[in-house]
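Residue indices begin at 1 and follow the sequence shown. When reading the values below, keep in mind they use all heavy atoms of this one structure, side chains included, and skip hydrogens, waters and symmetry mates.
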Amino acid sequence: MKKKNMIILGTIMSSVGIVFGLIFSAPSEKIGGEQIYHIMLANPNLYQNGIFADTFFAKHGKYQFRFVPSGESPEKLSIKLKGKSFSFDEDYVLESTEHGDFGKYYTWKYLGQTSIEIPEDQNLEITINPNGNLVGSVSVYLINEIGVTPSAEP
């Protein structure tokens, strides 16, 4: 009986350790630099003719797209950025990964080019096309890359 209790206690402690490890190792949207843009697309009313559009100001420098997807996020997410001296167009594909020994769970991530370099300060227009999935939620962030500080222009 004592051995059985120790096994149960060990299993519980391991499970708690794994959960806390996942929580504390999860990336924060602020890690790596200043967040210059964020949108959470979770409402069909945010789209006009199936596409979300917005404008924002970006300083020259290196940036990364980051996403917070779920199982209901669009399988394909097309993002375009256009400015005076910058253009970017990428189709991201949602990948799910199954995890777990005791119970199955999934994580999701978008595959595609995430790093961009904006050559000069400018207003950018962003358009996001969920390719028909207006209900699936996803958060899109644009963040300065880790350790990269925009250099001064001559």
- Query: Checking side-chain hydrogen bond (donor to acceptor under 3.5 Å, both in side chains) for the pair Glu72/Ser137: CA distance, chi angles, key distance, verdict?
  - Reply: CA-CA 7 Å; Glu72 276 110 35; Ser137 67; over 6 Å; no
Q.
Could you walk me through whether Leu124 and Phe57 satisfy the side chain to side chain contact (heavy atoms under 4.5 Å, CB included) test, starting with their C-alpha distance in whole Å, then the side-chain angles of each, then the deciding distance to 0.1 Å, before giving a yes or no?
A. CA-CA 6 Å; Leu124 295 175; Phe57 180 78; over 6 Å; no
After noting the C-alpha distance and the side-chain angles of Ile118 and Tyr63, does the key distance pass the side chain to side chain contact (heavy atoms under 4.5 Å, CB included) rule?
CA-CA 8 Å; Ile118 299 171; Tyr63 296 90; 3.7 Å; yes
### Candidate pair Thr127 and Phe52, rule side chain to side chain contact (heavy atoms under 4.5 Å, CB included), full reasoning
CA-CA 6 Å; Thr127 58; Phe52 171 81; over 6 Å; no
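A salt bridge does not link Glu125 with Lys82: every distance from a Lys NZ or Arg NE/NH1/NH2 to an Asp or Glu carboxylate oxygen is 4.0 Å or more. No salt bridge links Glu120 with Lys59; every basic N to acidic carboxylate O contact stays at or beyond 4.0 Å.
No path of Ile, Leu, Val, Met, Phe, Trp and Tyr side chains, each step under 4.5 Å between heavy atoms, connects Phe65 with Ile51, placing them in separate hydrophobic clusters. Ile126 and Leu134 end up in the same hydrophobic cluster when Ile, Leu, Val, Met, Phe, Trp and Tyr side chains are linked at under 4.5 Å.
Taking the side chain to side chain contact (heavy atoms under 4.5 Å, CB included) definition, one finds that Lys109 meets it with Glu95, Leu111, sequence neighbours left out. Take Gln48 and apply the side chain to side chain contact (heavy atoms under 4.5 Å, CB included) test, not counting sequence neighbours, and it matches no residue. With sequence neighbours excluded, the residues satisfying ring pair (Phe, Tyr, Trp, His ring centres under 6.0 Å) with Tyr37 are Phe56.
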Side-chain donor/acceptor pairs under 3.5 Å, residues 39-47, sequence neighbours excluded:
from, atom 1, to, atom 2, distance (Å)
Asn43, OD1, Asn45, N, 2.8
Asn43, OD1, Asn45, ND2, 3.4

Under 3.5 Å donor-acceptor pairs involving side-chain atoms of residues 74-81, not counting sequence neighbours:
from, atom 1, to, atom 2, distance (Å)
Ser78, OG, Asp91, OD1, 2.5
Ser78, OG, Asn131, ND2, 3.2

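Among residues at least two apart or in separate chains, ring pair (Phe, Tyr, Trp, His ring centres under 6.0 Å) pairs with a member in residues 66-86 are Phe67-Tyr92, Phe67-Tyr110.
Counting heavy atoms from C-beta on, the side chains of Ile36 and Asn144 come closer than 4.5 Å. Within the 4.5 Å cutoff, side-chain heavy atoms of Glu145 are placed close to those of Ser115.
Closest non-hydrogen pair, Ser70 versus Trp108, comes out as C-CD2, 3.7 Å. Here the shortest heavy-atom pairing between Gly50 and Asn129 reads O-OD1, 3.8 Å. The shortest non-hydrogen separation linking Val138 to Ser73 is CB-OG, 3.9 Å. Of all heavy-atom pairs spanning Pro119 and Ser85, the tightest one is CG-O, 3.3 Å. Taking every heavy atom of both residues into account, Asn133 and Gly136 meet most closely at OD1-N, 2.7 Å.
Going from atom NE2 of His38 over to atom CD1 of Ile143 covers 9.0 Å, rounded to the nearest 0.5 Å. Taking CD from Glu117 and NE2 from His60, the interatomic distance works out to 9.0 Å, rounded to the nearest 0.5 Å. Note: Ile116 CD1 to Gln64 CD = 10.0 Å, rounded to the nearest 0.5 Å. A distance of 4.0 Å separates CD of Glu98 from OH of Tyr106, quoted to the nearest 0.5 Å.
Annotation: Gln113, atom CD; neighbour count of heavy atoms from other residues, nucleotides and ligands within 6.0 Å is above 12.
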